[in-house]
Number of protein chains: 2
Amino acid sequence: MINITLKQLRYFEALARHGHFGRAADACAISQPALSMQIKEMEEVLGAALIERGARQIRLTHFGEVAVERARDILRAADELGDLARASKERLVGRLRIGVIPTIAPYLLPKVVGDLSTRYPELDIHVRETVTPKLIQELRDGQLDTAIVALPISENWLAEIPLFEENFVLVRAAKEANAPLPSADSLREMRLLLLEEGHCFRDQALSFCNLQSAPPREVLDASSLSTLVQMVSAGMGVTLIPEMAVPVETRSASVAISRFQEPEPVRTIGMVWRQTSPLSGQLREISEIVRRSAGIDG
Amino acid sequence: MINITLKQLRYFEALARHGHFGRAADACAISQPALSMQIKEMEEVLGAALIERGARQIRLTHFGEVAVERARDILRAADELGDLARASKERLVGRLRIGVIPTIAPYLLPKVVGDLSTRYPELDIHVRETVTPKLIQELRDGQLDTAIVALPISENWLAEIPLFEENFVLVRAAKEANAPLPSADSLREMRLLLLEEGHCFRDQALSFCNLQSAPPREVLDASSLSTLVQMVSAGMGVTLIPEMAVPVETRSASVAISRFQEPEPVRTIGMVWRQTSPLSGQLREISEIVRRSAGIDG
DNA sequence: ATTTATCATAAGAAATAATTATCAAAGCGA
DNA sequence: TCGCTTTGATAATTATTTCTTATGATAAAT
């Protein structure tokens with residue numbers, strides 16, 4: 001044999017504890033020769049005597065005494081590996097890396113992270129806020145465990161689970177509050193302010209206006225919904241924002257919020273993760289918590 | 001299977017390192033299925049997934065990442081056990097418990113301990129000084145590794161190795177320096193001072209005088225050779241001391257030292273240890289050093 | 001001197017781990 | 001979309017290891 005085994009360490013530890021081959025073998029639920037052989041094997045592998053065999057009693061050699069302490073350390077560490085596994089199975093512990101798109105993150109995360117931390121006190125939540133393509137990439141690379149994005153993603157290696165539907169609302173300057181609600185098509189003729197390239201929400205807004213890509217008239221590309229709303233408030237145009245963003249973003253801006261008539265613009269927010277992820281079960285559980293948090297909030 | 005094995009940890013570590021079943025198997029010099037099976041087995045035993053199996057690439061689960069660190073710790077500790085064994089084989093290290101009889105210890109130990117420490121810097125020498133029966137008992141109980149005593153001991157479980165011969169000399173008051181040398185028999189008629197009961201040297205001295213047990217005339221039982229010499233110096237009688245004790249004990253006493261004529265009284269000092277001791281080899285080596293130290297000294 | 005306790009050894013049986021061959025799934029390229 | 005390749009899983013067989021039972025050897029105990 002080339003290497004020492006944990007089994008040998010267990011046998012040796014029992015032998016050291018009992019000071020007797022027969023009783024140690026009993027404790028290990030094996031026969032005495034089996035234990036003798038493994039100890040002998042271990043001594044051969046190590047190239048040093050562990051046991052001083054007297055006729056009537058055995059005694060650990062000096063090295064044996066050192067070795068048994070090491071053996072105990074090793075066995076303890078091996079057992080802890082099992083504990084660790086059990087702990088990581090029963091409830092979600094350790095690091096959970098969530099990616100969220102920027103048009104959701106500021107409005108959803110405060111509550112969700114709070115709820116998750118309450119539910120899973122030992123969970124160490126990391127948040128990554130960026131646009132969908134990057135989230136998907138990072139998910140694929142194993143840098144994220146899950147992401148909250150607008151569905152569908154349509155990557156066959158991803159599991160998708162819808163969380164909630166989210167309407168878009170029109171944001172106009174306060175003085176236009178009583179103006180007639182523009183149709184989707186007529187938005188094309190207005191000065192429509194949008195997020196910069198890369199944000200899915202930009203595409204979704206354009207889509208609602210039946211525009212495939214950039215609008216005909218110039219747009220100012222903002223990097224956040226806050227900026228958009230502030231710009232609207234300054235009279236620079238109109239914009240769309242997700243319903244969820246309304247409470248936060250219109251608090252300190254003199255703007256008018258109007259819902260569209262049917263068919264209202266809407267997007268589905270969902271959670272995605274690698275289908276192969278062993279966290280699938282827990283992620284499904286987490287998705288429930290997120291859904292509930294979002295429901296109360298929005 | 002009931003328990004995880006070191007082999008599995010090795011395979012798992014290789015898999016974590018290479019991120020690829022085939023290459024990890026190569027590194028372990030086994031076939032890919034063998035590795036797959038062991039990893040699977042390990043996951044079943046732990047009850048948790050270690051590996052997230054993607055089609056094109058594999059990735060450690062969160063638990064897997066924790067586990068591989070533990071695995072590395074465990075494997076390192078196991079390897080160190082081998083190192084430890086090698087280290088403890090090549091040269092004598094750690095604790096060495098030496099027992100020495102009182103009529104030898106003060107004259108032999110200073111030099112011997114110094115020489116041993118020089119020769120084996122990592123040796124932690126413990127000295128026990130007491131009478132032979134206690135030394136033998138402690139040797140038997142494993143409280144001592146070796147003892148330096150007067151031979152023979154004649155216990156069949158002991159290994160005995162003679163170190164040197166030691167003559168006895170007569171100690172008389174200084175004024176008696178020129179008196180004729182008494183015969184062994186005539187010592188019986190003199191006031192012979194001896195060590196207290198239990199010291200082998202007492203018995204050896206009595207034996208030289210052809211006395212089986214206590215002498216006919218009253219003796220004062222001293223507890224050390226120093227005391228004996230001081231008593232002689234004070235004119236209380238005569239005594240015998242080992243030659244080796246002469247330089248130390250007569251330094252500050254006005255006594256006369258006389259060697260006996262042939263046949264001189266003599267005893268053999270030797271080293272003993274349990275025949276079963278795994279230190280036998282090193283103890284033999286040590287006995288050489290002790291012999292040399294004693295030779296230069298005495 | 002016999003008995004008892006204790007560990008070592010041997011041979012065959014059981015369990016475990018390895019190999020080779022094959023399969024299935026998914027990425028990749030035309 | 002159709003092979004083709006890569007990669008890991010599975011199955012059947014073989015090899016190895018480990019265990020058990022039976023027995024031996026030695027020294028302590030009676």
Side-chain angles (χ1 to χ4, degrees), chain A residues 1-12 14-16 18-45 49-61 64 140-141 155-159 274-276 278, chain B residues 1-12 14-16 18-45 49-61 64 136-137 140-141 154-159 274-278:
Chain A
M1 185 186 273
I2 292 173
N3 261 312
I4 187 179
T5 68
L6 276 186
K7 193 182 291 195
Q8 287 167 351
L9 292 184
R10 277 184 231 284
Y11 291 176
F12 172 53
L15 179 56
H18 292 97
H20 188 285
F21 277 74
R23 281 190 283 280
D26 278 351
C28 297
I30 56 168
S31 65
Q32 168 263 313
L35 188 131
S36 285
M37 287 189 298
Q38 289 302 322
I39 297 297
K40 187 181 157 200
E41 181 80 36
M42 190 173 161
E43 289 181 317
E44 278 173 20
V45 171
L50 292 162
I51 304 291
E52 186 184 329
R53 289 141 170 98
R56 202 78 192 155
Q57 67 191 338
I58 66 165
R59 193 191 336 271
L60 289 184
T61 62
R140 164 178 249 141
D141 292 347
E155 294 274 6
N156 55 8
W157 52 275
L158 278 183
R274 293 183 301 277
Q275 282 184 325
T276 54
Chain B
M1 185 187 272
I2 293 173
N3 261 312
I4 186 181
T5 68
L6 276 186
K7 193 183 290 194
Q8 287 167 349
L9 292 184
R10 291 211 170 81
Y11 291 176
F12 172 53
L15 179 56
H18 292 98
H20 188 285
F21 277 74
R23 282 190 284 280
D26 279 351
C28 296
I30 57 169
S31 65
Q32 169 265 312
L35 188 131
S36 284
M37 287 190 295
Q38 287 304 320
I39 297 297
K40 187 180 158 200
E41 180 80 38
M42 190 173 160
E43 288 181 316
E44 278 173 21
V45 171
L50 292 162
I51 303 291
E52 186 182 327
R53 287 141 170 99
R56 202 76 194 155
Q57 67 191 338
I58 66 165
R59 179 179 302 117
L60 290 184
T61 63
I136 300 304
Q137 179 62 44
R140 163 179 250 141
D141 293 346
S154 302
E155 294 273 3
N156 55 6
W157 52 275
L158 277 183
R274 292 183 302 277
Q275 283 183 325
T276 55
S277 172

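Note on naming: letters A, B, ... go to the chains in the order of the sequence lines (proteins, then strands), and numbering restarts at 1 for each one.
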So, for [X] and [Y], which heavy atoms are closest and what is the spacing to 0.1 Å?
| X | Y | value |
| --- | --- | --- |
| Ala16(B) | Leu60(B) | CB-CD1, 3.9 Å |
| Ala14(A) | Cys28(A) | CB-SG, 3.6 Å |
| Gly64(A) | Phe12(A) | O-CZ, 3.5 Å |
| Leu9(B) | Met42(B) | CD2-CE, 3.5 Å |

Original post:
Which residue lies toward the 5' end of DNA chain C, Ser31(B) or Ser36(A), if each is placed at its nearest nucleotide?
Top reply: Ser36(A)
**OP:** Using the closest heavy atom to pick a nucleotide of DNA chain C for each, name whichever of Ala29(B) or Asn156(A) lands nearer the 5' end.
**Re:** Ala29(B)
Subject >> Position toward the 5' end of DNA chain D (nearest nucleotide), Tyr11(A) or Trp157(B) >> reply: Tyr11(A)
**OP:** With DNA chain D as reference, determine whether Ile30(A) or Phe21(B) sits nearer its 5' end, using the nearest nucleotide of each.
**Re:** Phe21(B)
Original post:
Got a donor-acceptor contact below 3.5 angstrom from the Glu43(B) side chain to the Ile51(B) backbone?
Top reply: yes
The side chain of [X] is closest to which nucleotide in this list: [options]?
| X | options | result |
| --- | --- | --- |
| Ala34(A) | dA17(C), dC7(C), dT20(D) | dT20(D) |
| Arg53(B) | dG8(D), dC19(D), dA17(C) | dG8(D) |
| His20(B) | dG8(D), dA17(C), dA8(C) | dG8(D) |
| Pro33(B) | dT9(C), dA17(C), dA11(D) | dA11(D) |

Protein-nucleotide distance ([X], atom [atom1]; [N], atom [atom2]), rounded to Å:
| X | N | atom1 | atom2 | answer |
| --- | --- | --- | --- | --- |
| Met37(A) | dT18(D) | CE | C1' | 7 Å |
| Gln32(A) | dA22(D) | CD | P | 14 Å |
| His18(A) | dA5(C) | NE2 | C1' | 18 Å |
| Asp26(B) | dT7(D) | CG | P | 12 Å |
| Leu35(A) | dT18(D) | CG | C1' | 13 Å |
| Glu41(A) | dT16(D) | CD | C1' | 12 Å |
| Ile39(B) | dA9(D) | CD1 | C1' | 13 Å |
| Ile4(A) | dT18(D) | CD1 | P | 12 Å |

Original post:
Between Lys7(B) and dA18(C), does any side-chain N or O lie under 4.0 Å from OP1 or OP2?
Top reply: yes
**OP:** Compare side-chain N and O positions of Gln38(A) against OP1 and OP2 of dC19(D) and report whether any pair is under 4.0 Å apart.
**Re:** yes
